[in-house]
Amino acid sequence: MKRLLLPWSLLLLCCIAWPGFAADAPHPRIGLVLSGGGARGAAHVGVLKVLEELRIPISAIAGTSMGALVGGVYAGGMSAAEMERRLTTADWDNLLLDDPPRQTWPIRRKQLDLQPSVDLTVGLDKGRIKLPGGALAGQKVENFFSALIAGTEAVPTFDDLPIPFRAVATDLEDGGMKVFDAGPLPEVMRASMSVPGVFAPVEIGERIYVDGGLVRNLPVDVARRMGVDLVIAVNLGSGLLPRDRLQSVVGVMAQMLAILTQKNVQDSLAQLRPDQDILISPDLGSITSSDFNRAAEAIRRGETAARAAASALHHLSLSPAAYAAWRTARARPTTDEAPIAAVEIAGLTRVNPALFAPLAANQQGQPLDRARLESDIQTLYGLGDFKNINYDLNPLSDPSASGDRNRLLIRAHEKPWGPGYLSFGLGVSTDFEGDDRFGLRATYRRPWVNPLGGEWLTTAQAGNLMGLRTEFYQPLTIDRRVFVAPSLSIGMAPLSVFKLGTRIARYELVRDAIGLDLGSTLPGGNAELRIGAFLGTATPKRDTGVPEIPEQSTNESGLRVAFRYDTLDSATLPRRGNRVVLDLRAPEPVMGADLDFQRVSGHWTAAYSIGAHTLVSRAEFGAGFGDPLPYYDQFALGGFQRLSGYAIDELRGERMAFGALTYYYRLTHLKLPLTRGVYVGGSLEVGTLEDTEPALTEPGTRFGSSLFLGVDTLIGPAYLGLGISGDGEGTGYISIGWP
């Protein structure tokens with residue numbers, strides 16, 4: 001009998017030990033550990049694709065930085081294939097630029113953008129300079145994360161996700177490791193990947209957090225504490241940059257972070273058990289932490305590394321039926337389908353909560369309309385008053401209510417480096433014909449002086465273009481439908497006098513004015529109408545040359561009307577949209593003016609694009625009525641793309657018409673935020689002047705054309721151009737910013 005039992009016992013033991021034979025044996029709990037690495041983290045998606053192909057179930061996920069993003073999204077129920085589609089089709093250049101498209105800005109901000117300053121403001125609070133926490137606030141990135149985890153916002157803890165999840169961040173106050181097991185998932189993922197100096201730190205609760213790679217870039221121990229039996233760790237390596245990539249502040253900062261993470265990664269690797277745990281290390285070659293547009297390549301390299309480890313992974317596979325059941329049990333939640341019963345706004349200290357009333361009205365009483373919500377958030381963010389705006393969706397527990405209901409919580413984080421903002425700009429231009437213009441500009445903006453959104457704006461400029469202008473913009477309604485704007489200005493600008501093409505005198509034109517406008521922001525937010533009165537003087541002061549203009553102060557007090565409409569996507573080198581500007585200025589003798597005339601002008605710009613090709617059409621007109629216009633108030637033509645080939649403002653008359661067609665081709669789309677693109681193009685221009693002073697400018701029609709290389713930068717357009725007049729005269733142009 002014993003002889004018979006022994007072989008059968010040995011056979012039974014072999015069956016139990018043989019992988020996959022004993023279907024009823026408990027499957028090991030597998031913990032997936034995903035390291036940080038910035039854009040290199042897209043390789044994690046490739047690893048996940050292979051794990052799905054091998055039918056390997058994941059019981060818990062722990063991730064850091066980009067590993068927290070991929071891990072959190074996968075834990076929320078998204079498949080690897082869908083994640084690949086989202087990451088490879090995302091416009092990362094746009095996502096990594098906080099500002100929404102210019103078309104969504106309010107008209108007031110668009111007008112300020114016509115003379116832009118560097119888009120990196122510093123705060124001014126009680127005389128102290130305050131700096132932003134990072135170059136990027138991550139506004140678009142976090143909204144992108146919210147879309148990736150749609151449906152999971154209302155889970156109480158990360159253990160309630162389809163796959164339990166942990167994210168690692170660094171507490172910026174004490175340098176300790178923070179393991180998140182609950183909280184707003186998009187905000188937690190953003191905190192985990194907030195690279196110091198690049199992304200602003202994230203405030204959650206009472207603490208401030210940055211990239212978790214500083215303390216635990218490969219959180220093996222975190223996954224182990226989640227009760228797993230074995231670990232699959234994906235380590236993306238240090239991603240150290242070569243010497244030629246260390247010539248910039250960004251490169252040095254990225255290298256410092258990589259060096260800091262190396263030590264804690266080595267400690268984590270030492271915690272892996274060679275006989276049980278599995279390490280996957282994708283070879284990512286030259287892909288760096290900032291190469292988000294190489295996501296598809298990183299995913300392929302992740303797949304390659306995972307397939308190379310297939311022999312070590314196969315014994316963890318489930319049968320097709322068992323894996324399908326596991327996937328079904330971990331389907332994505334649908335908590336966002338319940339109607340929203342309450343919309344709450346949190347985090348405001350200066351901004352009036354009534355500003356968010358339209359957003360709340362668009363969501364109240366219906367299931368979350370995510371597209372509409374993100375559009376409304378984008379519009380609010382375009383005001384320029386917030387560091388970032390994000391949201392949570394939580395279930396409401398009310399026993400008296402019938403059916404499930406949700407609460408939408410909007411977290412609006414005002415810029416902490418306020419309440420006032422100081423920015424700077426530079427403008428330089430020359431036509432190589434003796435007309436050089438330069439100006440250094442400083443702008444101070446103090447928004448939300450009162451609950452209706454009063455704003456004090458002051459601009460000072462030094463150079464041969466000098467001036468000081470201050471305005472207090474006071475809305476009378478929260479939607480800015482009606483406003484008043486008292487202002488004070490004084491300025492000096494160069495004024496050249498030409499006689500039949502030859503410069504014969506240079507003047508400095510000094511103007512000062514105090515005014516009060518009554519205005520309205522028209523429906524849609526893209527247009528503004530102002531009607532106002534002003535008291536002012538104009539005084540030409542001769543610098544060199546013959547005295548062609550009377551050097552006397554002229555009282556020009558009177559009335560003014562201005563209309564602005566603007567949907568251009570860029571104030572400098574637009575690719576689509578329209579801009580219409582109409583102005584009327586009328587000195588009034590009853591207000592003390594020395595002259596009695598009406599000066600009317602208009603401008604229209606329209607941009608059309610197909611692919612990299614753009615065509616811009618421009619039309620202008622100007623006319624004076626009543627008394628003759630002073631020479632300095634006549635309409636001027638000449639200069640780059642305003643009859644190229646002629647000197648700046650060489651031609652003047654009381655009646656003017658001008659038209660131009662400009663074509664440019666986008667050579668390259670450089671990384672934001674330094675520039676939005678490099679273009680090469682040319683223009684054809686025609687202008688007519690009538691009622692001129694014949695001794696200075698002959699009336700008639702003239703032509704011009706130009707060829708140029710242009711760059712759309714944060715300080716305005718930068719041009720290197722060549723202009724040719726209809727008479728065959730040519731000149732070069734260099735312009736940077738808005739002089």
Answer yes or no: is there an ion pair linking R445 with E455, defined by an N-O contact shorter than 4.0 Å?
yes
Side-chain heavy atoms of S487 within contact of R469, under 4.5 Å:
yes
Tell me yes or no: between the side chains of D291 and T288, is some donor less than 3.5 Å from an acceptor?
yes
T688 and T701 side chains, donor-acceptor separation under 3.5 Å
yes
Between R300 and E297, is there a salt bridge with N-O shorter than 4.0 Å?
no
Are R86 and E84 within salt-bridge range, i.e. N to O under 4.0 Å?
no
What's the shortest heavy-atom distance between R530 and A485, and which atoms?
NH1-CB, 3.8 Å
When you check the gap from the basic side-chain N to the acidic O, do R585 and D633 get nearer than 4.0 Å?
yes
Just one of R108, K110, R102 clears the salt bridge (Lys or Arg N to Asp or Glu O under 4.0 Å) bar with D566, so which one?
R102
F635 six-ring face occupied by R652 cation (under 6.0 Å, within 45°):
no
Does the side chain of M193 come within less than 4.5 Å of F145's, by heavy atoms?
yes
Worked check of ring pair (Phe, Tyr, Trp, His ring centres under 6.0 Å) between Y719 and F640
CA-CA 9 Å; Y719 288 106; F640 183 56; 5.0 Å; yes
What I want to find out is whether D569 reaches R576 closely enough, with some N-O distance under 4.0 Å, to be called a salt bridge.
yes
Do P630 and F597 have side chains that get closer than 4.5 Å, going by heavy atoms?
yes
Check: Y646 side chain, G723 main-chain N or O, donor-acceptor pair, under 3.5 Å:
no
Between Y473 and F483, does the ring centre distance come in under 6.0 Å?
yes
Note: E556-R511 ion pair, threshold 4.0 Å (strictly below):
yes
Inter-residue atom distance Y679.OH - L667.CG, 0.5 Å rounding:
10.0 Å
Any Lys/Arg nitrogen of R564 or D583 sitting under 4.0 Å from an Asp/Glu carboxylate oxygen of the other?
yes
Contact between W456 and P447 at the side-chain level, heavy atoms closer than 4.5 Å - yes or no?
no
Closest non-hydrogen atoms of L500 and A695, given as atom of the first, atom of the second and distance, are CG-O, 3.9 Å
Should R294 and S286 count as side-chain neighbours, where that means a heavy-atom distance under 4.5 Å?
yes
Interatomic distance, CG@L643 vs CD1@I724, rounded to 0.5 Å, equals 13.5 Å
Considering non-hydrogen atoms only, spot the tightest contact between T692 and T697 and give its length.
OG1-O, 2.6 Å
So does G645 get a backbone contact from the side chain of S725, meaning a donor-acceptor N/O pair under 3.5 Å?
no
I would like to know whether N526 and Y565 meet side-chain contact (heavy atoms from CB on, under 4.5 Å); could you show each step before the answer?
CA-CA 6 Å; N526 291 316; Y565 171 81; 4.0 Å; yes
Between E620 and R642, does any NZ, NE, NH1 or NH2 come within less than 4.0 Å of an OD or OE carboxylate oxygen?
yes
Please report the interatomic distance CD1(I648) to OG1(T731), rounded to the nearest 0.5 Å.
9.0 Å
Using the rule given for side chain to side chain donor-acceptor pair (under 3.5 Å), can you reason through T662 versus S683, listing the C-alpha separation, both sets of side-chain angles and the distance that settles it, and then say yes or no?
CA-CA 4 Å; T662 302; S683 64; 4.6 Å; no
Got L709 and V678 here, is their nearest side-chain heavy-atom distance under 4.5 Å?
yes
With rounding to the nearest 0.5 angstrom, report the CZ to OG1 distance, R666 to T614.
7.5 Å
Nearest heavy-atom neighbours spanning P100 and Q378
CB-CG, 3.1 Å
Considering only heavy atoms from C-beta outward, does the side chain of T521 approach that of D479 to under 4.5 Å?
no
Heavy-atom nearest pair, V546 first then A505, reads O-CB, 3.3 Å
Test item: side-chain donor near acceptor, R618 and T605, under 3.5 Å:
no
Lys/Arg N to Asp/Glu carboxylate O, R370 vs E374, below 4.0 Å
no
Interatomic spacing from OG1 in T502 to CG in L696 - rounded to 0.5 Å
11.5 Å
Looking at L637, is its backbone amide N or carbonyl O close enough to the side chain of E650 to form a donor-acceptor pair, meaning the two atoms are under 3.5 Å apart?
no
Is it true that R702 and E729 have a side-chain N and a carboxylate O under 4.0 angstrom from each other?
no
For the residue pair F144 and W92, is the inter-centroid distance of their aromatic rings smaller than 6.0 Å?
yes
For residues V616 and L661, determine if any side-chain heavy atom of one lies less than 4.5 Å from a side-chain heavy atom of the other.
no
Taking atom OG of S429 and atom CG of L465, what is their separation to the nearest 0.5 Å?
8.0 Å
Whether K415 engages the ring of F386 as a cation-pi pair (distance to the six-membered ring centre under 6.0 angstrom, angle to the ring normal within 45°) should be assessed.
no
